[in-house]
Structures are given as C-alpha cells and as structure tokens.
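What follows is a single structure, written as structure tokens, with notes after it.
Nothing fancy with the numbering, it's 1 onward along the sequence.
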Amino acid sequence: MPLPKEPTHKASILRDIPPILIQTKQSDLDKPLTPRLVHSTQPTVAKSPSSSQPELSTPRSKLKATPGKLKSPRRQRTSNAAKLFVLDTNVLMHDPMSLFRFAEHDVFLPLITLEELDDHKKGMSEVARNARQVSRYLDSLMEQNDDLSAGFCLNSLGHIDATGNLHLQSQELSAELPNILPTGKADNQILSVVYSLAQQHSTKEVVLVSKDINMRIKARALGLLAEDYFNDQVLEDRDLLYSGLLELAPDFWDKNSKGMESWQQAGLTYYKISGPAVKDMLINQFVFCDAGLPLVAQVKEINGRMAILQTLRDYSHSKNSVWGITARNREQNLALNLLMNTNCDFVTILGQAGTGKTLLALAAGLSQVLESRQYSEIIVTRATVSVGEDIGFLPGTEEEKMAPWMGAFEDNLEVLNNPHLTTNHDWGRQNPTAELIKSKVKIKSMNFMRGRTFLNKYLIIDEAQNLSPKQMKTLITRAGPGTKIVCLGNLSQIDTPYLTEGSSGLSYVVERFKGWPHSGHITLQRGERSRLADFAAESL
C-alpha cells in the first residue's frame with residue numbers, strides 16, 4: 001500500500017488545524033458532550049444552544065473503512081437505528097437461543113460459522129450439544145421459509161419477541177484486509193465478511209457479536225463495531241449482585257416501630273413492622289441493625305408495607321453447635337440458619353477462599369443426615385474444570401475418578417471426624433465411625449446427572465461459579481421431593497472459558513431465586529482459615 005503524500009505546508013500553530021465537528025439532533029442536546037475522534041473529508045459545524053462548546057461527529061456515509069486507513073471504531077450510534085448483527089461461532093455454541101435474542105434487529109451468519117458448527121457437533125460435551133441444537137434451529141427455519149434471499153423470519157418458530165430476519169451468506173463477501181492478517185484463519189474470514197457488509201449497508205449498523213475478546217479487539221482496530229454477547233449477563237457489575245444481607249438505618253426503630261407487634265414462638269421472637277424500610281426487603285433476606293437496639297433477623301413475610309421479622313438461632317454458642325462446628329462470625333451464623341432450615345430447599349453461599357463454605361455445608365449435611373435424619377444421604381458434585389493443565393484420563397470407578405476433584409471435601413471430612421468435635425453428640429449413644437460417615441457421603445459426576453431424580457437427598461454443588469446457567473438449571477431440576485440443594489462458589493475463581501462474573505450460572509440462580517420463600521442466599525465476608533490464608537487472599 002503506498003504511503004500518503006506529504007503535506008504541502010506545515011501548520012504554524014495548533015489552531016490552524018481545522019476542527020472536525022458534528023451536527024446534533026434536538027434529542028441529543030441534553031446529553032453530556034463526549035469527544036470522539038473521527039475521520040471526515042467534509043466537516044460540518046453546529047453549536048449546541050445549551051453549550052458554547054462544539055461537538056464532534058461526521059456523516060455515516062463518510063465512515064466507510066479502507067484497508068489502508070483505519071478509523072475509530074467508536075462511531076456515532078443511534079438507539080432506534082436498524083442493526084445487522086453478525087454472530088461469531090462461539091456465541092452460538094455458548095447459547096443456541098442467541099439467534100432469537102436480538103428483538104427487531106436482523107441476524108447474519110457467515111458460511112464459515114456453519115463450517116465451524118459442523119466441526120464441533122460431534123461428541124457429548126455441552127459445546128457439541130449446543131452446536132447440534134443450532135443446526136436443528138436453522139433446519140426448522142428453512143422449512144418454514146422458502147425464500148433464501150429475503151431471509152428467514154425468526155418468529156416463525158414461536159419466538160414472538162424475535163421480529164427480525166435471519167440471513168445466511170449466499171454469495172462471496174470479502175474485503176481487502178491488512179496483509180498482516182492471514183486470510184486462512186476463520187476469525188479473519190468473519191472479519192472480512194463484516195467489513196464487506198459494513199460497506200454494503202450504509203443505512204444499517206453492522207455489529208459483530210463475539211465472546212472472543214481478541215476478535216472484538218481486531219474488529220475495532222479495523223474500524224468495525226463489535227460487542228460482547230450481553231443476553232446471558234445477569235448483571236453488569238459484581239457489586240450489584242444480591243448479597244442476602246441488608247443493613248438497616250440507625251433510625252430504623254424510630255421510623256418503623258409505630259404500631260409494631262412482637263411475640264415469641266418456638267424460642268424465637270417475631271416482629272411485625274410497617275414503615276419505609278419494608279420496600280427494600282425481600283423474603284428470606286437477612287437484616288441487621290447495630291445502632292440503638294441491636295437486631296439480627298430474617299424477613300419471613302412481606303405484605304405491602306408490612307413485614308414480619310424473625311430472630312435467628314445463635315449458632316455461635318457451643319450449645320447450638322452443628323456437628324461440633326460453631327459460627328465464628330455473623331455471616332457464618334446466617335449461613336447455618338439457612339442450611340439448618342428444613343423449609344429452605346435451595347441455598348446459595350458465596351465467599352472467598354477460607355470463609356468456611358464447604359465446612360459449614362458438610363457439617364449441616366451430616367447433622368441432618370445422621371442426627372435428625374431429615375435426609376437419607378449427602379451427594380457431592382462439582383464442575384471438573386482444572387486450574388492448570390489437564391492430567392488426562394483417570395482410572396477407576398465414577399467415585400475414584402472424581403476423588404482428585406474432591407480433595408477439599410476429604411479435608412473437611414477429616415476435620416468433622418475429629419473426636420474432639422463430636423464428643424457432644426448423642427447419635428445412637430456413640431460417635432459414628434469414619435466409615436459410616438463416608439458411607440453417607442456419595443461423590444457423583446455431573447456428566448451423568450441428566451435424567452436422574454434425587455429423592456430426600458442433601459445435594460452439594462461445589463465450585464458452582466464454573467457452571468453455565470443451562471448446566472445449573474439441569475442440576476437443580478434433578479431435585480425430587482424432600483431434597484435440599486446447596487450451591488457453593490467464589491466468583492473471583494472462574495476457570496470456564498467465556499464465563500464471567502455476570503454470566504456465571506451461580507450469579508444467575510442467585511438473582512433468579514431471590515425473594516422465593518423456599519430459598520436463601522448469603523455472601524460470606526471474612527476468612528476463617530488462617531491468618532496466612534486471609535493475608536494472601538487480600539494481598540495477592
């Protein structure tokens with residue numbers, strides 16, 4: 001590519017360089033000004049009546065990219081403009097329903113995407129199943145629509161929200177990319193298609209949707225619009241995730257004690273309150289107030305502006321120990337209240353390493369299986385996603401194959417089997433042996449869960465942050481009558497590709513189950529493993 005010609009004269013000072021300015025709409029005048037670098041050969045000037053500072057933009061027709069001149073990918077976008085979304089293969093393999101998630105906008109699939117789907121359709125993995133499901137959707141769409149050139153109506157399969165059309169590449173679409181990008185790579189072929197579509201459709205915004213970060217970076221470097229797939233995002237910021245704990249204002253009693261009723265039942269105190277604080281509460285949410293009269297309670301009922309709060313059992317006292325384990329902080333006490341509540345069928349516990357998630361869940365499970373006999377046995381499973389390089393296939397039975405992944409449970413079982421912890425138990429007037437405990441704890445692989453039904457089981461799902469929403473749904477729907485499911489995880493330790501804190505299955509179920517009368521959630525804050533582990537978690 002030839003170099004651009006040298007300038008005929010030099011600017012003496014910076015203000016001799018003509019500014020590149022924008023025309024703005026009346027609806028955009030109230031928005032804050034955002035400087036934007038663009039390329040234009042015919043800049044136009046328009047001043048906002050609410051500001052003396054000019055804005056920057058350019059007509060869309062001047063934004064067509066050329067291989068030798070890369071423009072800024074941050075082009076002016078209008079919220080109501082028609083868009084054409086080009087889907088990368090990883091989006092389809094991540095969520096087969098992504099074809100129907102773009103509302104009134106059109107979807108385009110390059111032929112290389114279909115080739116990659118065909119390459120990944122073999123096998124029993126989640127990716128292979130998703131690839132086959134996408135192929136079935138495409139086949140059904142073709143049967144409902146005959147005209148290939150006009151596209152396929154996405155709502156023809158019953159998805160009424162998808163009013164756009166699906167377009168398949170039916171002719172060669174290519175654009176000259178920089179020579180540094182090899183044309184034989186599938187990602188670059190998709191970029192070439194997006195590049196060509198952006199030049200052909202001047203009235204539409206052509207947007208590449210990909211879960212591959214590097215793919216999006218290359219697209220933006222070429223001046224193309226690129227986005228992540230946001231439909232699977234439960235929340236944008238991890239700090240917005242429901243914590244299960246609400247701190248009440250210092251003047252809580254002054255503003256909400258009018259007409260308050262209180263009574264005791266089964267050794268617990270109940271408060272019936274009404275006031276402005278009720279609107280922020282959810283059923284089974286924990287509330288606390290340290291100012292004035294201290295209060296730690298759980299919301300048991302909400303009816304309009306009225307709520308009933310129930311005080312909690314103090315599991316930090318040795319007389320209320322669970323299998324010899326007592327709570328060391330407030331959050332652990334709240335977690336044990338959820339785990340020991342037989343009316344709570346689904347419990348999620350988040351926390352960093354060393355906060356006691358696994359130990360509390362196992363202690364509550366052993367107490368309810370061997371002491372109160374609320375459940376018949378404990379089933380433990382987890383996602384087998386390795387932190388480092390895979391060590392290959394493992395020999396033995398299902399439990400023997402899962403044993404290397406269950407080291408954390410083995411360590412906690414050794415702690416719970418310590419005779420110094422179980423001396424206060426009166427189970428059959430003798431302490432259960434280690435063999436009896438292990439006979440009640442079964443380790444199962446997630447690969448064989450589909451189609452099963454667990455009756456009267458205590459199911460623990462460890463490392464749940466590595467599960468997708470679909471995998472989480474598959475596991476939770478295995479629960480039969482009398483089964484309790486406990487999900488444990490740490491969102492800062494996600495090892496599954498294409499999963500983030502916002503799209504993890506653990507975040508998904510926390511947000512979907514909040515407020516359900518038979519579920520509860522708590523986030524553990526303080527580590528209790530050791531001072532070395534606490535310092536490492538904070539400093540490293």
Side-chain angles (χ1 to χ4, degrees), residues 242-250 252-275 277-278 280-349 356 360-361 363-369 371-375 424-426 458 482 484 486 513-525:
Y242 174 63
S243 65
L245 185 61
L246 175 65
E247 182 178 5
L248 301 175
F252 169 75
W253 293 110
D254 297 334
K255 292 186 177 181
N256 299 272
S257 60
K258 184 178 180 180
M260 182 185 66
E261 302 177 14
S262 64
W263 66 94
Q264 288 190 347
Q265 181 179 346
L268 301 175
T269 304
Y270 292 82
Y271 297 95
K272 185 177 181 180
I273 64 170
S274 60
V278 176
D280 299 326
M281 297 180 181
L282 295 172
I283 295 180
N284 281 346
Q285 186 180 30
F286 295 103
V287 296
F288 73 97
C289 180
D290 295 330
L293 180 63
L295 173 69
V296 179
Q298 187 179 22
V299 182
K300 303 303 292 184
E301 183 180 341
I302 297 178
N303 187 6
R305 294 178 59 87
M306 182 273 296
I308 296 179
L309 307 181
Q310 171 197 297
T311 58
L312 306 174
R313 189 175 301 277
D314 184 14
Y315 287 103
S316 62
H317 198 281
S318 58
K319 68 178 182 179
N320 294 326
S321 63
V322 178
W323 203 260
I325 298 297
T326 57
R328 294 189 178 183
N329 54 58
R330 176 168 53 198
E331 286 77 17
Q332 285 191 355
N333 185 45
L334 304 181
L336 284 174
N337 273 273
L338 289 176
L339 294 170
M340 299 299 294
N341 185 358
T342 57
N343 194 39
C344 196
D345 301 332
F346 184 71
V347 178
T348 52
I349 302 177
L360 296 177
L366 290 174
S367 176
Q368 295 174 90
V369 169
E371 290 183 344
S372 63
R373 301 188 181 182
Q374 181 70 28
Y375 307 102
N424 296 328
H425 292 288
D426 188 18
Y458 186 92
K484 187 187 190 81
V486 181
F513 276 88
K514 68 179 181 182
W516 188 49
H518 302 288
S519 69
H521 169 73
I522 189 62
T523 300
L524 304 181
Q525 302 291 343

Closest non-hydrogen atom pair, [X] against [Y]:
X    : Y    : result
L339 : K484 : O-CE, 3.3 Å
S367 : V322 : CB-CG1, 3.9 Å
S519 : C344 : C-SG, 3.5 Å
A335 : L524 : CB-CD2, 4.2 Å
G515 : L282 : CA-CB, 4.3 Å
L245 : V287 : CD1-N, 4.5 Å

Item to check | Student check: side-chain heavy atoms of I325 and L360 closer than 4.5 Å | outcome: yes
Item to check | Contact check, side chains of Y271 and T311, non-hydrogen atoms, under 4.5 Å | outcome: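 They are in side-chain contact.
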Checklist entry - Where do H518 and N343 land on the side-chain contact (heavy atoms from CB on, under 4.5 Å) test, with the steps shown first? => result CA-CA 6 Å; H518 302 288; N343 194 39; 3.4 Å; yes
Next on the checklist: If you count heavy atoms of other groups shown closer than 6.0 angstrom to NZ of K300, is the number above 12?
Outcome noted: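 It does: K300 NZ has more than 12 such atoms within range.
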Measuring from [X]:[atom1] to [Y]:[atom2], what's the distance to the nearest 0.5 Å?
X    : Y    : atom1 : atom2 : result
T342 : Q374 : OG1   : CD    : 5.0 Å
Q525 : S243 : CD    : OG    : 7.5 Å
L336 : L312 : CG    : CG    : 11.0 Å
Y315 : Q332 : OH    : CD    : 14.0 Å
L334 : F286 : CG    : CZ    : 5.0 Å
T348 : K514 : OG1   : NZ    : 11.5 Å

Checklist outcome for this item: Given the options M306, E301, M260, K272 meets side-chain contact (heavy atoms from CB on, under 4.5 Å) only with M306
Checklist entry - Using 30° and 60° as the class limits, which term best fits the ring planes of H521 and Y242: parallel, tilted or perpendicular? => result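 The rings of H521 and Y242 sit tilted, inter-plane angle from 30° to 60°.
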Checklist entry - So, Q298 side chain and N284 main chain: donor-acceptor pair closer than 3.5 Å or not? => result yes
Checklist entry - If only atom types and distance count, is the side chain of N337 paired as donor or acceptor with the main-chain N or O of N333 below 3.5 Å? => result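 Between the backbone of N333 and the side chain of N337 there is a qualifying donor-acceptor contact (under 3.5 Å).
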Checklist entry - What do the steps show when you test M281 against I273 for side-chain contact (heavy atoms from CB on, under 4.5 Å), and what is the final call? => result CA-CA 12 Å; M281 297 180 181; I273 64 170; 4.1 Å; yes
